[in-house]
Amino acid sequence: MTSALGKDLLGLEPLSSEQILLILDTAEPFKEISERAIKKVPALRGQTIVNLFFESSTRTRISFEFAEKRLSADTVNVAASGSSVLKGETLVDTARNLEAMRIDMVVMRHGASGAAQFLAERIESNVINAGDGTHEHPTQGLLDLLTLRDHFGDLKGRRVCICGDVLHSRVARSNIWGLQKLGVEVAVCGPRSLLPNAIEEFGVRVIDRIEEAIEWADALNVLRLQLERMTAGYIPSSREYNRVFGVTRERLERAPRDILIMHPGPMNRGVEIDSDVADGPHSVILNQVTNGIAVRMAVLYLLSGGRPELAEAAKGGTGRRGGAPEMTEAA
Amino acid sequence: MISTQRSRSSESTRGSRPLVLTGGRILDPSQNIDEPGDLLVQNGKVEAVGGRVGHPDGAEVIDCAGCIVSPGFIDVHCHLREPGREDVETIATGAHAAAAGGFTAVCAMPNTDPVTDNQAAVGFVIRQANRAAAARVYAIGAISVGQRGETLAEFGEMVGAGAVAVSDDGRPVVSAQLMRTALEYARTFGIPVIDHCEEPTLSHGGAMNEGIVSARLGLKGIPAEAEEIMVIRDILLARRTGGHVHLAHMSTRGSVELIRWGKERGINVTAEVCPHHISLTEDRVGAYDTNAKMNPPLRTASDVQALREAVRDGTIDLIATDHAPHHYDEKEREFADAPNGIIGLETALGVMVTHLVDSGTLDFATLVERMSCSPARVFNLEGGTLRRGAEADITVFDPAMKWTVDPSEMLSKGRNTPYAGMTLSGRAVCTIVEGRIVYQIGSSASARLQPARS
């Protein structure tokens, strides 16, 4: 059966605002599962999921794995190191082999933009993009939206500024699409050498100074500054980056309103964000991590054909995938 | 559609049998001819043009009603992959693909393995071309030894062996000093120096045009300036040296403006554009379609518009395909890692008619000028004319024939085309080289001529 999201989750750009809200709404009841003593419901029992990580990841991989396990799916983790990828296997061959193993879903992270799309076109299993190159990281975008919604309620008319290396950031792209679809005004702030040349054509405001961004925004999503950007010559040094673009307590203290600070992690403390901001009262960075599991559970559940209106029932433990109506279909 | 009456045997051999093309529209911009009439070929030469011509004994008569009879198309830029990658194309399959596209001659780029950077390598290309006996194949020699951009290759010996131009195509000539020297040195031999204009530090790692689409897809972009900086450098060096620089595969509005600037000042610069750069935009990349990946990349609608106008007004001298076959599984991969290039020999005419003539930008006379007369003139090659006594290199094409691009039917070994499934207007129905039919649509002759397929 075709899910409300289609076959795959490749990015937030192709989704409608209704689909995004559906995922967020479906995530709400799943939040509570992680608070229980026994963190497990049988919604995905019997489903097999491969977590295929061609790039190293700690947070996202673990978050997906918890989401899968808490829904009772059978999971296999494949990391690029130690797999046939190192032996020169092409992505298309990897895809065909996965298909031959009759798995239900693939969660993939890959260093090439478009890799998730490539895989999705070639296999019948559901594909969830866990980050492809500098293209999209849709579940990160979704968990950021959920975190903002927890705080602000309706997001329409709110202002979010994405700070830092937007050029190389899949998180930034997923955020921009997701936020815009929910009616949020989006700005980016960072050195122009780390912003896509055509960024304004996205309907995004560009703010050159972090002080102005803090003055303008309801929330900042502070991106990680990769060390290799310095060696590649995009910016001179992390020291100067912190001086000019760092989100510091001094700068936040001048904010005209209570501003929310997000970060997709892992953080470079003292570079893009100071410790007393990351650990301070404005920070919702750990809420993002918690929400990550709920959002990923929602995505897995919906893509597997689970009915959104039955998410509450599913977590109640009917013992059937997707709740009661699935029972009759299965019978 | 074309039909053939054969008065004697079914075989035509090189120049031995007269050939009469009857009832077509003779279109030869080199003589300002555009009128219905016949054309007689004898001993491999054009014997008579226009009006009614007599039918000598034993002549093969081809009914060209509804078709345009023009001087043969010449593609000055293709990659035939031999030697080195005979699995993706050979000189023979490339020469037959060319003939099927209406080309009577093509120039093979030297970025083979080994590189065509010496007289023996040039001789190999020409021997293989003669053996193929389809479209003529001319060799382009490398500018630098091994195309490494360091020391000049032996232009004199390569020209002596038959090379018609030099190029390090596939790579830019990074060193301005080497480019200067090449332009100066090439003057002795009267050959153009072809440059692939790309400033490598700007284009490094790029996979498509830099713009909103690359930003959206998260692909590293290649800015228009990577091309334009080298275009103006080359034009200035041509001015300094008096050498003839030919700029390959122009793709941007800015390049057109710079070439116009150079030509207005009498600088010896010529330029080409590929059918894909005047028919497709960066949007064709869609969801990471590697058949829309080439270098230079597909640009914007504004660039396409400027390039079309430049073809019309002559700022861009000619059309070239940059035919670049790749093995299917090399294209079946992540976009950033897929090789650049598409095949073009068999779609060029259809794309040009559909996108430039039918849209009203070009008339057929200008199309033939840019695909035949101009390349012959710019590269100083045989052909480009139906003048009496000229080599009988002739393209007969149906300007209105609708056909759907099916890569599996291509004579090229390549299948990498962004036009697959598209319906185009205009197709070559008969291609004649030195008075000999080397391609005829729907004929078993074309299959017979094609050794690579069984």
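Lettering follows sequence order; numbering is per chain, from 1. The model shown is predicted, which means the values in this text are computed figures rather than measured ones.
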Within a reach of under 6.0 Å around CD of A/E124, are more than 12 heavy atoms found that belong to other residues, nucleotides or ligands?
no
Got B/R216 and A/W177 here, is their nearest side-chain heavy-atom distance under 4.5 Å?
yes
Measure A/E201 against the heavy atoms of chain B and call it side chain, backbone, both or neither at under 4.5 Å.
both
Side chain, backbone, both or neither of A/E13 within contact of chain B (heavy atoms, under 4.5 Å)
side chain
Quick one: does any side-chain atom of A/R173 pair with a main-chain N or O of B/A215 as donor and acceptor, under 3.5 Å?
yes
Looking at A/R122 and B/E332, does any basic side-chain N land under 4.0 Å from a carboxylate oxygen?
yes
Please report the interatomic distance CD(A/E136) to CG(B/L217), rounded to the nearest 0.5 Å.
10.0 Å
Looking at CG of B/D289 and CZ of A/F118, how far apart are the two atoms once the value is rounded to the nearest 0.5 Å?
11.5 Å
Gap between atom CG of B/D337 and atom OG1 of A/T90 - 0.5 Å precision:
11.0 Å
Does any non-hydrogen side-chain atom of A/V92 lie less than 4.5 Å from one of B/R333?
no
Heavy-atom side-chain contact between A/H110 and B/E334 under 4.5 Å:
yes
Please report the closest heavy-atom contact between B/L219 and A/T134, naming both atoms and the distance.
N-OG1, 4.3 Å
Report the C-alpha distance between A/S113 and B/Y288 in whole Å, list the side-chain angles of each, state the deciding distance to 0.1 Å, and finish with yes or no for side-chain contact (heavy atoms from CB on, under 4.5 Å).
CA-CA 8 Å; A/S113 299; B/Y288 304 95; 3.9 Å; yes
How close do A/N197 and B/E210 get, heavy atom to heavy atom, and via which atoms?
CB-OE2, 3.2 Å
